[in-house]
Enquirer: 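Below you will find the structure I want to go over with you.
Bear in mind that the values here come from a model prediction, so they are computed numbers and not experimental data.
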Amino acid sequence: MVLSDRTIREQLLAGRISIEPIDERNIQPSSVDLHLGSRFQVFRNSRYPYIDPSMDQVGLMELVEATVEEPFVLHPGEFVLAATVERLRLPDDVVARLEGKSSLGRLGLLIHSTAGYIDPGWEGTITLELSNVANLPMVLTPGMAIGQVSFMFMTTPVDRPYGTQGLGSRYQGQSDPTPSRAHLA
């Protein structure tokens, strides 16, 4: 079942779910608003002739930093990675879903391609997979509300939470937008 604002507050107060930083104004009826960080991973198209997920392609992406004064401009058809300001930590019996803000979606901004699921045991910032499907460039300002996360209780705690040794959890503890680690499979 999806957690209500009341249950989200209870879980935060009990320390079972952690969101840092958290502002009470960001707790919605059944989700918590998340904000855009200042760092972006952009493709360096001239480095490789193609993307091969089975290989470590060093330098395929480049880290760039935006500011409120000089925001990031996402062009039509462009795909970049960013991260949330907020750092999340989930217990072994709660799963979360990342979704975009409808107001931004109506402008053509997608915040994840397929990585909207956050496993029990997760800890770190969330890497956003940003795509502009509009016909005009879009200004992305660090600190802007970018998405929302909802939470669900599981039927039982999981046996092996995300980050458990041997599970192959590649992104536990991340604090920046993290490029694909598919080659580590």
Enquirer: Return the CD1 to CD1 distance between Ile22 and Ile17, rounded to the nearest 0.5 Å.
Expert: 10.0 Å
Enquirer: Set out, in order, the CA-CA distance, both residues' side-chain angles and the distance that settles side chain to side chain contact (heavy atoms under 4.5 Å, CB included) for Leu110 and Leu130, then state yes or no.
Expert: CA-CA 6 Å; Leu110 306 179; Leu130 302 176; over 6 Å; no
Enquirer: Using the rule that two of Ile, Leu, Val, Met, Phe, Trp, Tyr join whenever any of their side-chain heavy atoms come within less than 4.5 Å, decide whether Leu81 and Leu109 are in one cluster.
Expert: no
Enquirer: Residues in side-chain contact (heavy atoms from CB on, under 4.5 Å) with Asn132, at least two apart?
Expert: Leu74, Pro76, Ala134, Met138
Enquirer: Under the ring pair (Phe, Tyr, Trp, His ring centres under 6.0 Å) rule, what pairs show up with a residue in residues 139-179, not counting sequence neighbours?
Expert: Trp122-Tyr162
Enquirer: Once side chain to side chain donor-acceptor pair (under 3.5 Å) is applied, do any residues pair with Arg6, and if so which ones, sequence neighbours excluded?
Expert: none
Enquirer: Would you please name every residue forming a side-chain contact (heavy atoms from CB on, under 4.5 Å) with Glu24, sequence neighbours left out?
Expert: Arg9, Ile27
Enquirer: Using every non-hydrogen atom in the two residues, find where Leu36 and Val85 come nearest and quote the distance to one decimal.
Expert: O-CG2, 3.3 Å
Enquirer: Could you tell me which residues satisfy salt bridge (charged side-chain N to carboxylate O under 4.0 Å, His left out) with Glu70, sequence neighbours excluded, listed by chain and number?
Expert: none
Enquirer: Can you list every side-chain hydrogen bond (donor to acceptor under 3.5 Å, both in side chains) pair that touches residues 30-48, not counting sequence neighbours?
Expert: Gln28-Asp33, Ser31-Gln148, Asp33-Lys101, His35-Glu86, Ser38-Glu65, Arg39-Asp176
Enquirer: Tell me every residue that passes side-chain contact (heavy atoms from CB on, under 4.5 Å) with Met152, counting only those two or more places apart in sequence or in another chain.
Expert: Val2, Val95, Arg97, Ser150
Enquirer: Going by the ring pair (Phe, Tyr, Trp, His ring centres under 6.0 Å) test, which pairs reach into residues 74-121, not counting sequence neighbours?
Expert: none
Enquirer: For Ser169, what residues pass the side chain to side chain donor-acceptor pair (under 3.5 Å) criterion, not counting sequence neighbours?
Expert: none
Enquirer: Evaluate the side-chain proximity of Leu128 to Leu98: yes if any heavy-atom separation is below 4.5 Å, no if none is.
Expert: yes
Enquirer: Please enumerate all residues that pass side-chain contact (heavy atoms from CB on, under 4.5 Å) together with Leu136, with sequence neighbours excluded.
Expert: none
Enquirer: Not counting sequence neighbours, which residues clear side chain to side chain donor-acceptor pair (under 3.5 Å) with Asp93? List them please.
Expert: Arg16
Enquirer: Quick check: is Phe43 connected to Val58 through a chain of hydrophobic side chains (ILVMFWY, heavy atoms under 4.5 Å apart)?
Expert: yes
Enquirer: Rounded to the nearest 0.5 Å, what's the gap from CG on Leu184 to OG on Ser54? Could you check?
Expert: 11.5 Å
Enquirer: With sequence neighbours left out, write down each residue that passes side chain to side chain donor-acceptor pair (under 3.5 Å) with Thr127, or none if nothing qualifies.
Expert: Gln174
